[in-house]
Participant: 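Here it is: the structure, laid out below.
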Amino acid sequence: GDITLLGVELELVLAIVNTCIALFLFFLSFIAYRRDKRKRILYVSIAFLLFAVKNFLVSSELFLVEISWIDPITVILEFFAMIVFFYGVIRK
């Protein structure tokens, strides 16, 4: 019942796209942090990096066999990314 695109699960393709976008946003926000040294931007940068790692692990099923521990790790990474975003938003 999975949707496929050229024989590959669409979910995995979108995870690769999300990984690239999150990495791009990580680099942009990290460069911005290095310019003005605001901690809020650093927290946003870290959260984007966590999302990139999470999505890379999801998309790794394209390259590796399915590994059972990836799903719980991705949920934990997503949780921490949201916590870091939240902390960056409420921090003064």
Participant: Return the minimal non-hydrogen interatomic distance between F85 and F48, and the atom names on each side.
Facilitator: CZ-CE2, 3.8 Å

Participant: Are E78 and F51 close enough that some pair of their side-chain heavy atoms sits under 4.5 Å apart?
Facilitator: yes

Participant: So which heavy atom on I70 is nearest to which on S60, and how close?
Facilitator: CD1-OG, 3.4 Å

Participant: To the nearest 0.5 Å, how far apart are CZ in R40 and CD1 in I90?
Facilitator: 9.5 Å

Participant: Give the minimum heavy-atom separation between K54 and T74, together with the two atoms involved.
Facilitator: CG-O, 3.5 Å

Participant: Would you name the heavy atoms of L12 and S59 that are closest together and state the gap between them?
Facilitator: O-CB, 3.8 Å

Participant: Applying the 4.5 Å side-chain criterion to the ILVMFWY set and letting contacts propagate, would F56 and W69 be lumped into a single cluster?
Facilitator: no

Participant: Answer yes or no: is there a donor N or O on one side and an acceptor on the other, between the side chain of T19 and the main chain of A15, under 3.5 Å?
Facilitator: yes

Participant: For residues M82 and F86: do they belong to one hydrophobic cluster (side chain heavy atoms under 4.5 Å, members Ile, Leu, Val, Met, Phe, Trp, Tyr)?
Facilitator: no

Participant: Under 4.5 Å between side-chain heavy atoms, hopping through other hydrophobics if needed: is there a path connecting I46 to V75?
Facilitator: no

Participant: Please report the shortest heavy-atom distance between A32 and I41, naming the atom on each side.
Facilitator: CB-CG2, 4.1 Å

Participant: Who passes ring pair (Phe, Tyr, Trp, His ring centres under 6.0 Å) against Y43, sequence neighbours left out?
Facilitator: Y87

Participant: With rounding to the nearest 0.5 Å, note down the distance linking CD1 in I3 to CG in L14.
Facilitator: 9.5 Å

Participant: With a sphere of 6.0 Å drawn around CZ of R35, does it hold more than 12 non-hydrogen atoms of other residues, nucleotides or ligands?
Facilitator: no

Participant: Considering residues at least two apart in sequence or located in another chain, which fulfil the ring pair (Phe, Tyr, Trp, His ring centres under 6.0 Å) criterion with F79?
Facilitator: none

Participant: Testing the basics here: between L42 and F30, what is the closest heavy-atom pair and its distance to 0.1 Å?
Facilitator: CD1-CE1, 4.3 Å

Participant: Give a yes or no on whether I31 and L50 share a hydrophobic cluster (residues Ile, Leu, Val, Met, Phe, Trp, Tyr; joining criterion: side-chain heavy atoms under 4.5 Å apart).
Facilitator: no

Participant: Can K37 be said to sit on top of Y33's aromatic six-ring, NZ or CZ under 6.0 Å from centre and within 45° of the ring axis?
Facilitator: yes

